[in-house]
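For this chain, numbers begin at 1 and follow the sequence in order. Counting starts at 1 for both ligands and their atoms, in listed order.
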Amino acid sequence: MTLDKFIKVRYRADEEKVGVLREILSELGIDCARTIEERVDLQFDALKNLHANLGDDELFIKLVMGNSLVSYQLTARGEAWWWEFSKYFSENPPEESISEAYSRFLPNSRTNRRLVAGKVKRLERVEPFLDSLSLGDLRDYYFNGMERLRDELAKALGSKKSAKTIVFAVKMFGYAGRIAFGEFVPYPMAIEIPDDVRINAYTKRFTNEPPVSFWGRIAEETGIPPLHIDSILWPVLGGNDEVLRRLREHCTKWEDVLRLTAL
Ligand SMILES: Nc1nc2[nH]c(O)nc2c(=O)[nH]1
């Protein structure tokens, strides 16, 4: 048990910088987040490629969730990992369970080769839940219940609801649902930002408060749910040239987005 529950912890923040951050994000809004997700983030393209090649909405969405749950301790950038995933399962659609498919995929992966046994175990633990879901259930979670999905995933894995891979799985589920069901549904305000290395390092420029609570507050103040804030920040903080080219090409507010990286 942590002491923070009993003692009111005071965090330091650079209020001037936080004010500029709030102002830029409010100007960008959820529309800009959506443009970045669908036109700039290379992960979204990787998912579109897999969806087109698999031709099976249910399997596609379940694979995307499974992949998110083992997206940690990567040996390359996230974008490269998602493209390796997309190409592999386009060429090798699983004929067995997802965990068995990963026990073949991960040992030969270039971009996700650490802690393979633990990752396969994680997929085995979540498999009964994934297997229990029909395409109708997935549709229902997409249109009416992303928070419920987060809670069920956390329960299946015995994880905290705010654990990085749990909320990240909901983010990628949102991408997959949008591709499979063809409609945009905003992420709920209550789902936390994935606290990964890029987001953690960026948060430290503003405050020593933990990222999840800091971005939860910024989300309320700007009206942009935390997972959409992640979508604005994550690709551009990666500093990939292709991402920056796509940002300039597709996002009319690209200069404001780049101002975020300079804060
Ligand atoms: N916060 C995020 N972490 C990620 N890791 C990964 O592979 N993709 C992401 C992402 O979109 N956001």
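When hydrogens are left out, the protein atom nearest atom 8 (N) of ligand 1 is Gln43 OE1, 2.6 Å; that is the closest non-hydrogen contact. The closest protein non-hydrogen atom to atom 1 (N) of ligand 1 is Asp230 OD1, 2.7 Å.
Comment: Arg198 engages Glu79 in a salt bridge, judged by a side-chain N to carboxylate O separation of less than 4.0 angstrom. With salt bridges taken as basic N to acidic carboxylate O contacts below 4.0 Å, none links Glu220 and Arg217.
For Phe60, the ring pair (Phe, Tyr, Trp, His ring centres under 6.0 Å) partners are His51, not counting sequence neighbours.
Residue Pro194 touches ligand 1 through backbone and side chain together, judged by heavy-atom distances below 4.0 Å. For Lys164, every heavy-atom contact with ligand 1 shorter than 4.0 Å involves the side chain, none the backbone.
No option in Tyr175, Phe184, Trp215 other than Phe184 meets the ring pair (Phe, Tyr, Trp, His ring centres under 6.0 Å) test with His228.
Side chain to side chain, Asn240 and Glu242 fail the donor-acceptor criterion of an N or O pair below 3.5 Å. Under the 3.5 Å distance criterion, with hydrogens and angles disregarded, no donor-acceptor pair is assigned to the side chains of Asn108 and Tyr88.
The ligand atoms of ligand 1 that sit less than 4.0 angstrom from a heavy atom of Trp82 are 7 (O). Close approach to Ile199 involves these atoms of ligand 1, each under 4.0 Å from a residue heavy atom: 1 (N). Listed by number with element, the atoms of ligand 1 under 4.0 angstrom from any heavy atom of Gly78 are 7 (O).
The shell of residues lying under 4.0 angstrom from ligand 1, judged by heavy atoms, includes Phe168. Between Lys171 and ligand 1 there is a heavy-atom distance shorter than 4.0 Å.
Annotation: Asp196 places an N or O atom under 3.5 Å from an N or O atom of ligand 1; distance criterion only.
Membership of the apolar cluster around Leu115 extends to Tyr72, as traced through chained side-chain contacts below 4.5 Å between ILVMFWY residues.
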